[in-house]
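Remarks on the structure that follows.
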Amino acid sequence: MPVESDFLVLGSGIAGLTCALECARAGSVVLVTKDRLPESNSRYAQGGIASVWSPEDSFESHIADTLAAGDGLCHRDAVEVVVREGPDRVRDLIALGTNFDLRGDPDDHEYDLGREGGHSKRRILHATDATGREVIRALGEAVRATPNISIRENHLAVDLLLERGERPVCWGAYVLDREGRGVHRFPARATFLCTGGAGKVYLYTSNPDVATGDGVAMAYRAGAPIANMEFFQFHPTCLYHPEAKSFLVTEALRGEGAILRRPDGETFMKRYDPRAELAPRDIVARAIDNEMKVHGFECVYLDISHRDPDFVRGRFPTVYETCRRFGIDMTRQPIPVVPAAHYVCGGVVADLDGATALDRLYACGEVACTGLHGANRLASNSLLEALAFAHRAATHACARLRDDRRRWPDIRPWDAGRATDSDESVVVTQNWDEIRRFMWNYVGIVRSDRRLARARTRIALLQEEIREYYRDVVVTSDLIELRNIATVAELIIVSASSRRESRGLHYTIDHPRPDPAWAHDTVVRRQDGAGVEVLAPSRRAFA
Ligand SMILES: Cc1cc2nc3c(=O)[nH]c(=O)nc-3n(C[C@H](O)[C@H](O)[C@H](O)COP(=O)(O)OP(=O)(O)OC[C@H]3O[C@@H](n4cnc5c(N)ncnc54)[C@H](O)[C@@H]3O)c2cc1C
């Protein structure tokens, strides 16, 4: 039986939970999420949420910092919206019971504002070094307590329900029940893609397993334009240990004097930048990547063992405890680290209401490309973007529902064709590993025309294999995620190949400088039967 609702929300990170709460004021909501409710990139956010909060700060300053980080590609209107509406959205979180750290006398309710790279003022609200966990706790509790939100955990959206036409209409999604099996129809009058990032497209990532770019891949298959996928942010230092999946070693360690060393103990950062370990994130990530690739190192080491052990334990309790669990005492030995894919600035093109090119489909949070980040994301702006756009998209959809008289179209049940069960899970694992490895080596932190061309050949072959396999076997979540990862990989490769300059997060040795002729978004779209189409340069992909 179809699971009908006014609003279908796909994903339960900060964007999805916010959309669900806002929409529940106007109608029935079904919230679909592929793992347990809290599992998301949002849950692991450490630093905090940027927002103009103190009298010493100003909207103009936050706007200027965001534009500077975006390296000429931010859309000023999106930046203005997020920055100016930010404080109200943070107040909404506080009203829901989110506990951000205070300083001084608790009765004064003065928030402890952090400062991060690229911000010219203190404006980061945080909950120790686990902000995401606290925000998701508060939002999750509110969602669970709201009667007209029906939560479907362990349900994975497979594809959008489409009514074809001059402007296709999205009427919900096909969803796989991961426990009961079977793909079911979830029709809705408005659908919110809040499926987050795509870090799992790379071998090393700070993202959890759910970050497989499903929303971008679904929207792309449905014909929506996708922008700026070449701008992938890499965090310089992720713990390197076979059992330590996706643990970030905070950049504050370098701020407190930690030194990067090769496995033979030699330091190297001064050869890359006079600021050495204190150079910006991108430069440090590129330097580590180069050392690893040129010398064949598996990792490099971050060494703070020269500082007082009590200071290290007190200042970095989470990093200390996590390292200790993996047998590393950071007060006495260096920490093995690798750079890791962290955040995708590109995504489904969305306007200032979070609306996409498909009628009734909204995209909010990391899955979207709103124009806020441009070519590089300013630290702690992404949680704020998700909040601001989720609120705007929900407001837009709720207003529309009031006068919505359209009748539901005929929605066909999922067509499984002649698919049969398969026990060839090795095919999925093999393809998955291959994609993540060549994306890391050829389309990672440093790119070149030749590496990108190789990646393009590899992905074309794998896409063909996956298409065949997908046609013949019953879909499983692994297979669906593999297909999505392959699509996202292709979009990154095509976008990166078409940008013949270096800007923001995209660096290629063949075109090492920015070129004013390329000061525009890279927008791609699916061309039936002919692969990915790169659209002509435009500031807005649809308007
Ligand atoms: C380690 C780490 C630290 C970070 N620190 C910060 C920080 O300090 N400040 C900051 O601003 N940003 C930070 N970020 C980035 C920020 O956390 C994310 O950009 C943001 O949380 C994205 O929120 P979201 O709601 O869009 O997506 P997510 O929080 O990733 O949520 C996506 C949801 O969609 C679900 N989903 C995915 N695919 C499907 C599908 N097919 N069907 C159903 N459900 C699906 C997932 O299970 C998940 O629930 C950090 C990220 C990481 C990984």
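For the single chain, residues carry numbers from 1 onward in sequence order. In listed order, ligands and their atoms are each counted from 1.
Proximity of His342 to ligand 1 is established by a heavy-atom distance of less than 4.0 Å. Residue contacts with ligand 1: His155 is included, with a non-hydrogen atom under 4.0 Å away. Within the structure, the closest approach of Cys194 to ligand 1 falls below 4.0 Å when heavy atoms are considered. At least one heavy atom of Arg377 lies less than 4.0 angstrom from ligand 1. Using a 4.0 Å heavy-atom cutoff, Ser206 is listed among the residues neighbouring ligand 1. The closest approach between Thr33 and ligand 1 falls below 4.0 Å for a heavy atom of the residue.
For the pair Ser42 and ligand 1, the shortest N or O to N or O distance falls below 3.5 Å. Inclusion of Ala386 in the set of residues having an N or O under 3.5 Å from an N or O of ligand 1 is not warranted. Distances between N or O atoms of Asn207 and those of ligand 1 include no value under 3.5 Å. At a 3.5 angstrom cut-off on N or O pairs, Ile14 counts as close to ligand 1. Considering backbone and side-chain atoms alike, Gln46 places an N or O below 3.5 Å from some N or O of ligand 1. Inclusion of Ser382 in the set of residues having an N or O under 3.5 Å from an N or O of ligand 1 is warranted.
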Salt bridge (Lys or Arg N to Asp or Glu O under 4.0 Å) assessment of Glu481 paired with Lys200: CA-CA 10 Å; Glu481 289 181 341; Lys200 295 296 284 187; over 6 Å; no
Ring pair (Phe, Tyr, Trp, His ring centres under 6.0 Å) assessment of Phe247 paired with Phe326: CA-CA 11 Å; Phe247 180 72; Phe326 294 106; 8.1 Å; no
Trace of the ring pair (Phe, Tyr, Trp, His ring centres under 6.0 Å) decision for His373 with Phe231: CA-CA 10 Å; His373 305 300; Phe231 297 116; over 10 Å; no
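Judged purely by distance below 3.5 Å, without hydrogens or angles, the side chains of His342 and Ser206 pair a donor atom with an acceptor atom. With hydrogens and angles left out, the side-chain atoms of Thr212 and Asn484 include no donor and acceptor closer than 3.5 Å. Side chains of Arg123 and Ser61: a donor on one and an acceptor on the other come within 3.5 Å. Defined by atom type and a distance below 3.5 Å, a donor-acceptor pair is present between the side-chain atoms of Glu230 and Thr522.
When non-hydrogen atoms are compared, ligand 1 lies under 4.0 Å from the side chain of Asp214 (C-beta onward) but not from its backbone.
Considering only non-hydrogen atoms, atom 8 (O) of ligand 1 lies nearest to Gly47 out of Ser477, Ala45, Gly47. Nearest-residue assignment for atom 46 (C) of ligand 1 (options Glu39, Met218, His235; heavy-atom criterion): Glu39.
A cation-pi arrangement, defined by a distance under 6.0 Å to the six-membered ring centre and an angle within 45 degrees of its axis, is present between Arg91 and Trp53.
The residues Arg144 and Glu141 are annotated as not salt-bridged, no charged nitrogen and carboxylate oxygen being separated by less than 4.0 angstrom.
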